[in-house]
Protein chains: 2
Amino acid sequence: VSCVDVGIDVGGTKILAVRLEGLEVADTERATTPHDPARPAGEPTADSALVAIDALVARAGAIRADAVVGIGLPGMVARGGELVFSPNLPSASGADLTSSLRVRAPELRVVCENDADCAVLAEHHLGAARGEDDVIMVTLGTGIGGGIISEGRLLRGRSGFAGEIGHMVIDANGPRCPCGSRGCWERYASGAGLARLALEAAHAGRLPTIVARRHGDAYAVRGEDVTAAAEEGLEEAVALMDEFGWWLAVGLANLAAIFDTGVFVIGGGLGRPSTHVLPAVERHLRELVEGGERRGSIRVVPSELGERAGAIGAALVARERLR
Amino acid sequence: VSCVDVGIDVGGTKILAVRLEGLEVADTERATTPHDPARPAGEPTADSALVAIDALVARAGAIRADAVVGIGLPGMVARGGELVFSPNLPSASGADLTSSLRVRAPELRVVCENDADCAVLAEHHLGAARGEDDVIMVTLGTGIGGGIISEGRLLRGRSGFAGEIGHMVIDANGPRCPCGSRGCWERYASGAGLARLALEAAHAGRLPTIVARRHGDAYAVRGEDVTAAAEEGLEEAVALMDEFGWWLAVGLANLAAIFDTGVFVIGGGLGRPSTHVLPAVERHLRELVEGGERRGSIRVVPSELGERAGAIGAALVARERLR
C-alpha cells in the first residue's frame, strides 16, 4: 500500500470523511459532530475523527502510518493548525486537533485548514472552477465561508486567517453580528441571513401564503419555508429569494472589485437551494461592480462537488503539504 | 550608460516623474496634468509624459533607448497597459499610453500600472512596509486607491484590475457613488468622503466654529477646513476626524478579515492630514475585525515615501518587468 489520502470535513452538525484515489472519491465515512461542553475544546471531535480515519484506513487495507489526513474546520485556522476562533462550532473553538490526534495516534500525519479553503481547492482541482486562476468559493451555511484562489494560489494571509469574507461589513448601520460588528455580509446572504430576511418579510406582510401555511404565526416562518416555496414557484417566495440574491451580489461585487475575480463558486448547505437565483445574482453583480461593463464576464456558478467539496479539498491539502 | 529607470505618477492635477538609481531618487521632474477634451483620451498626457522622460534621460546623459519607463495611472489598468476606466481622470479614461508613447518614441520601453499598485511596491521595497509580506496600501485622495501585496506578491487579478478597494460597498443603503453603486467606502473615507461628512456635520450644527470662520455659510465648509482645524486641536474638528477615522477603520477591518493583513500603509493627498487619527483607526480596527483579539497586532502606518511613492513604484515596475 502506498499513501492513503484522507480528508475530513467537520461541520456544526456532521462529519464527512473521504478517501481519495487520484482525483476520485474511493470511500466515505460519516458521523454526527459530537458536542460535550464538559470536555476540552476539540477532544470529542478528535475522537470522532479518529474513528472515521481508522475505518477508511482499514478498508483500504492499510495502517495509520500510511495515511495523510487533512481536516477542514469552520473558522479561523492558524497556519500551525489551531482553530483559534469558530463562532459556529463553539465546542471546538480554540482546539488544536493536530496535537489532539498526535496524542492518540503518533504515527498519523495530520494537517488542519479552514473548510472553505479546502472546498475552493477541490472545486479548483476537479470541480466547477477547473482551469480558472482567480476563483472565490463562497459557502453559504449558518454563516458565510470563503476560500480564495488568486493567480492560481490559495490565499492564506499572515497567520492563515485569510478568506473570512462573511464578516465583511456591507451595511455599517445594519443588524448586530455575533462577531461584535454590525451589518456583516453573513447577516444577509447566509442561512441565518435568509432566516432574518424571511422573518422581517413575514412580519411586514410580504409572505402571506407562507405565514398562512404556518397557521398565521409569522414568528414560525423559516428560511427553508422560503427556499422550498421558491422552488415550487410561489411568487412571494421567489421575490424574497431575489432580495436574498441581491444581498449575495453586493458582497460578490465587493470581492470582484478587490480581487478581479473571474468566477465565484457557490456552495454550502444553502448552495443548492440558491442555484436558481444565481443568474439574477450575476446580473446584479454586473450592475454593482465598478466598471462592470468594462470587465470580462464574471460567472457565478454552483459548486459541482456539493457537500463533499470540503472533505475532498482537505484530502488535497494533506496530499500537497504532507506527502 | 546602463539602464535609466524612470517612474511617472499621473494624478488628476499633477504629474511627477523620478529617475531611480538603485533605491534612491536621483532626479525629479514635475508638470501639470493636461486636460483637453478635444483630443483623444490620453494624448495630452502622453505628450507631457514624454517631455518629462526626455528631461530626465538627457540629464542622466543617456538616450531614450537606455530608458525603461513605468507609468502609474489612477484607475483600472489592464494587464496590457490600457487605462480602461478612470472616474477621477476622465481625460485619460480609455487611454493606451503604452501605444501612444510607442508612436512618439518607438525606442522607449514603457509599462503602465495602477498608481496604488506602484505605491505599495515602493513602500514594500523601501518605505513603511519593508520586510512585510502582507501589506495593503490605501491611498486617500479624491477617491480611495488600493495596492495589495499578499504573501510577498503584488495582487493583480484576472485582467490586472485587482485592488479597487474604494468601491467596496460598506453601507448598502448609503449615498450614491459615481460608479453607479451606493455606499462605497470612498464616499466616507476619501477626500470626497471627508468633504461630504464635513458638509453634513456643518448643516447639523456640529461644526459651529468652522462655519463661523466661513461667515456662517455651512455650504462653504471644506474638508481642508476640518483637517487644518483638527491639527490646531479644535475639538469639533477633532471629533469629525474621529468619525472619518471610524469609517476608514470599517473598510480596513473588511480587508483585514479578507486578507489577514499585517500592516496598512496610508498615503495619498489626505494621508498626511490623517496621520494623527491613525492610532484611533488602529483601535477601531481591532474592535471591528472578526476575532480581533485573537489576531496578531495590525498596524496602520503613514506612508514613508509620501507623494513620491507612486512614481518610485512605477520605476520599480519598469525595472521588474522591462529590464
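Keep in mind that the numbers below use all heavy atoms, side chains included, and drop hydrogens, waters and symmetry copies. Letters A, B, ... are given to chains in the order of the sequence lines, protein chains preceding strands, and every chain is numbered from 1.
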Original post:
Which pair of heavy atoms, one from B/Asp260 and one from A/Gly160, lies closest together, and at what distance?
Top reply: OD2-N, 3.2 Å

**OP:** Measure A/Arg156 against the heavy atoms of chain B and call it side chain, backbone, both or neither at under 4.5 Å.
**Re:** both

Original post:
Taking A/Met168, A/Glu164, A/Arg158 one by one, which has the highest count of heavy-atom pairs under 4.5 Å against chain B?
Top reply: A/Arg158

**OP:** Pick whichever of A/Cys177, A/Ser159, A/Gly75, A/Gly166 has the most heavy-atom pairs under 4.5 Å with chain B.
**Re:** A/Ser159

Original post:
Taking A/Thr261, A/Ile165, A/Ile258 one by one, which has the highest count of heavy-atom pairs under 4.5 Å against chain B?
Top reply: A/Ile258

Original post:
Of the listed residues (B/Pro178, B/Cys179, B/Ala78, B/Gly163), which shares the most heavy-atom pairs with chain A below a 4.5 Å separation?
Top reply: B/Gly163

Original post:
Can you tell me how far the CD atom of B/Glu290 sits from the CE atom of A/Met76, to the nearest 0.5 Å?
Top reply: 5.5 Å

**OP:** Below 4.5 Å from any heavy atom of chain B, which atoms of A/Trp247 appear? Answer side chain, backbone, both or neither.
**Re:** side chain

Original post:
Can you tell me how far the OG atom of B/Ser93 sits from the CZ atom of A/Arg294, to the nearest 0.5 Å?
Top reply: 5.5 Å

Subject >> Partner chain A: residue of B/Asp171, B/Leu255, B/Val169 with the largest heavy-atom pair count (under 4.5 Å) >> reply: B/Val169

**OP:** Against chain B, label A/Asp133 side chain, backbone, both or neither, depending on which of its atoms sit under 4.5 Å from a heavy atom there.
**Re:** neither

Original post:
Measuring heavy-atom distances to chain B, does A/Asp134 have an atom under 4.5 Å in its side chain, in its backbone, in both, or in neither?
Top reply: side chain

Subject >> Residue pair A/Ile170 / B/Ile170, side-chain heavy-atom distance below 4.5 Å >> reply: no

Subject >> Given A/Leu288, A/Asn254, A/Val250, the one that forms side chain to side chain contact (heavy atoms under 4.5 Å, CB included) with B/Ser181 >> reply: A/Leu288

